[in-house]
S.K.: 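Below: one structure in structure tokens.
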Amino acid sequence: MNNLLFITKNEGKVREIRELAAPHGITIEQVGYEYPELQADTLEEVARWGAIHAAAIFRRPLIVEDSGLFISSLGGFPGPYSAYVHKKLGNKGILKLMSRIKDRRATFKSVIAFCDGSSEPVIFSGSVEGEIANKIRGKNGFGFDPIFLYGDKTFGEISRDEKNKISHRRVAFERLIRWLLEHRDVQTI
Ligand code: IMP
């Protein structure tokens with residue numbers, strides 16, 4: 001079985017990526033190393049820089065993932081600042097910011113950077129469209145899941161299996177797998 005290094009401290013992301021990787025015969029080895037996050041305007045830049053930094057340290061092919069919630073009526077906020085905003089405001093804070101706003105459209109975006117240490121990182125992205133709910137709903141998932149409405153349920157109300165069928169992370173990860181199948185011997189990622 002192949003093994004792919006995933007550099008992240010976020011256990012929620014690891015659980016999802018592990019389940020997405022398993023059907024492809026890939027196991028995920030997590031390293032809870034906190035690489036310095038570049039203060040940048042795009043997830044792509046943050047992920048690319050993180051992958052270069054981590055590959056120089058671990059000297060093995062690896063992935064990092066940067067993701068975020070982009071709220072249309074707030075000009076895409078919190079976007080690349082999602083982790084910080086979630087820590088400071090939480091889901092309650094976002095609902096408060098949105099309390100008088102009618103346009104509740106939002107997008108989750110995931111960017112995965114793969115780096116083997118010898119060439120430029122390769123970037124894969126995925127997104128899913130939804131809305132900001134009116135209240136916190138459900139206990140599943142992590143981060144903004146309980147306020148991200150997809151159809152009539154929030155990501156906090158659906159199982160990990162269901163989320164993994166439609167999520168931003170799934171789209172980005174499947175793009176990575178397709179690329180690996182084309183460009184690498186997947187037996188020896
Ligand atoms: P980062 O990718 O480590 O910078 O963190 C992104 C932040 O966005 C996380 O701390 C979560 O709060 C949020 N986030 C990213 N992906 C998801 C998701 O799938 N569900 C809920 N929140 C997410």
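Computation of the quantities below employed the complete heavy-atom set of this structure, encompassing side-chain atoms and omitting hydrogens, waters and symmetry-equivalent molecules. Both counts, for ligands and for their atoms, begin at 1 and track the order of listing.
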S.K.: Among all the protein's non-hydrogen atoms, which is closest to atom 21 (C) of ligand 1, and how far away is it?
M.R.: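 Result: F142 O, 3.0 Å.
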S.K.: Does the pair R170/E16 count as a salt bridge with the N-to-O cut at 4.0 Å?
M.R.: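 So R170 does not pair with E16 through a salt bridge.
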S.K.: Between D116 and S118, does any side-chain donor sit less than 3.5 Å from a side-chain acceptor?
M.R.: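 Judged by distance alone, the side chains do pair up.
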S.K.: Quick one: does D66 get a heavy atom under 4.0 Å from ligand 1?
M.R.: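 Within the 4.0 Å threshold, so yes.
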S.K.: Below 4.0 angstrom, N of the basic side chain to O of the carboxylate: do R169 and E65 qualify?
M.R.: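 Yes, R169 and E65 are salt-bridged.
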S.K.: Ignoring hydrogens and angles, state whether a donor on the side chain of D145 or Y150 is under 3.5 Å from an acceptor on the partner side chain.
M.R.: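 No pair is found: no donor N or O on one side chain lies under 3.5 Å from an acceptor on the other.
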S.K.: Return yes if a side-chain donor-acceptor contact under 3.5 Å exists between T27 and N3, otherwise no.
M.R.: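 Distance-only check passes for T27 and N3.
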S.K.: Looking only at protein heavy atoms, which one is nearest to atom 8 (O) of ligand 1, and what is the separation?
M.R.: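 Result: S82 CB, 3.4 Å.
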S.K.: Between G68 and ligand 1, does any nitrogen or oxygen pair lie at a separation below 3.5 Å?
M.R.: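 Checking ligand 1 against G68, no N or O pair falls under 3.5 Å apart.
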S.K.: Considering both backbone and side-chain atoms of K13, is one of its nitrogen or oxygen atoms within less than 3.5 Å of a nitrogen or oxygen in ligand 1?
M.R.: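 Between K13 and ligand 1, an N or O pair is found under 3.5 Å apart.
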S.K.: For atom 13 (C) of ligand 1, which protein heavy atom lies nearest, and how many Å away is it?
M.R.: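 Result: F144 CD1, 3.6 Å.
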S.K.: Kindly compute the distance separating CG (N140) from CD (E157), expressed to the nearest 0.5 Å.
M.R.: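 One finds 8.5 Å between CG of N140 and CD of E157.
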S.K.: Of E34, E65, K163, which has the heavy atom at the shortest distance from atom 19 (O) of ligand 1?
M.R.: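 The option holding the nearest heavy atom is K163.
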S.K.: Is it possible for you to say whether V85 and L74 belong to one hydrophobic cluster, with membership spreading through side-chain heavy-atom contacts below 4.5 Å?
M.R.: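 Result: yes, single cluster for both.
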S.K.: With atoms numbered from 1 as shown, which atoms in ligand 1 lie under 4.0 angstrom from a non-hydrogen atom of H168?
M.R.: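 Going through ligand 1 atom by atom, the ones under 4.0 Å from H168 are 16 (N), 17 (C), 18 (C), 19 (O).
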S.K.: Would S67 count as a polar contact of ligand 1, with the cut-off being nitrogen or oxygen pairs under 3.5 Å?
M.R.: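 By distance alone, the answer is yes.
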S.K.: Do Y33 and H53 get their side chains close enough for a donor-acceptor pair, meaning under 3.5 Å?
M.R.: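 Present: a donor and an acceptor within the cut-off.
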S.K.: Is I177 reachable from I17 through a run of hydrophobic residues whose side-chain heavy atoms are each under 4.5 Å from the next?
M.R.: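 Yes; tracing contacts between hydrophobic side chains, which count when under 4.5 Å, links both residues.
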S.K.: Kindly assign one of parallel, tilted or perpendicular to the pair F108 and H168, based on the angle between their ring planes and the thresholds 30° and 60°.
M.R.: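 Because their plane-to-plane angle is under 30°, the rings of F108 and H168 count as parallel.
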S.K.: Which of the numbered atoms in ligand 1 are under 4.0 angstrom from any heavy atom belonging to G143?
M.R.: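 Per the distance check, 12 (O), 21 (C), 22 (N).
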S.K.: Is the closest heavy atom of F155 to ligand 1 under 4.0 Å?
M.R.: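 It does not, in that no heavy atom of F155 comes within the 4.0 Å cut-off of ligand 1.
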S.K.: Check each atom of ligand 1 against the heavy atoms of A83 and keep those under 4.0 Å away; list them by number with element.
M.R.: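 Answer, ordered by atom number: 4 (O), 5 (O), 7 (C), 10 (O).
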S.K.: Out of curiosity, is K9 lining ligand 1, as in a heavy atom under 4.0 Å away?
M.R.: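 It does not; every heavy atom stays at 4.0 Å or beyond.
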S.K.: Compute the shortest N/O to N/O distance between R169 and ligand 1 and return yes if it is under 3.5 Å, no if not.
M.R.: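 There is such a contact, yes.
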S.K.: Look at atom 20 (N) of ligand 1 and say which protein heavy atom is nearest, naming residue and atom and giving the distance to 0.1 Å.
M.R.: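 In this structure, atom 20 (N) of ligand 1 has D145 OD1, 2.7 Å as its nearest protein heavy atom.
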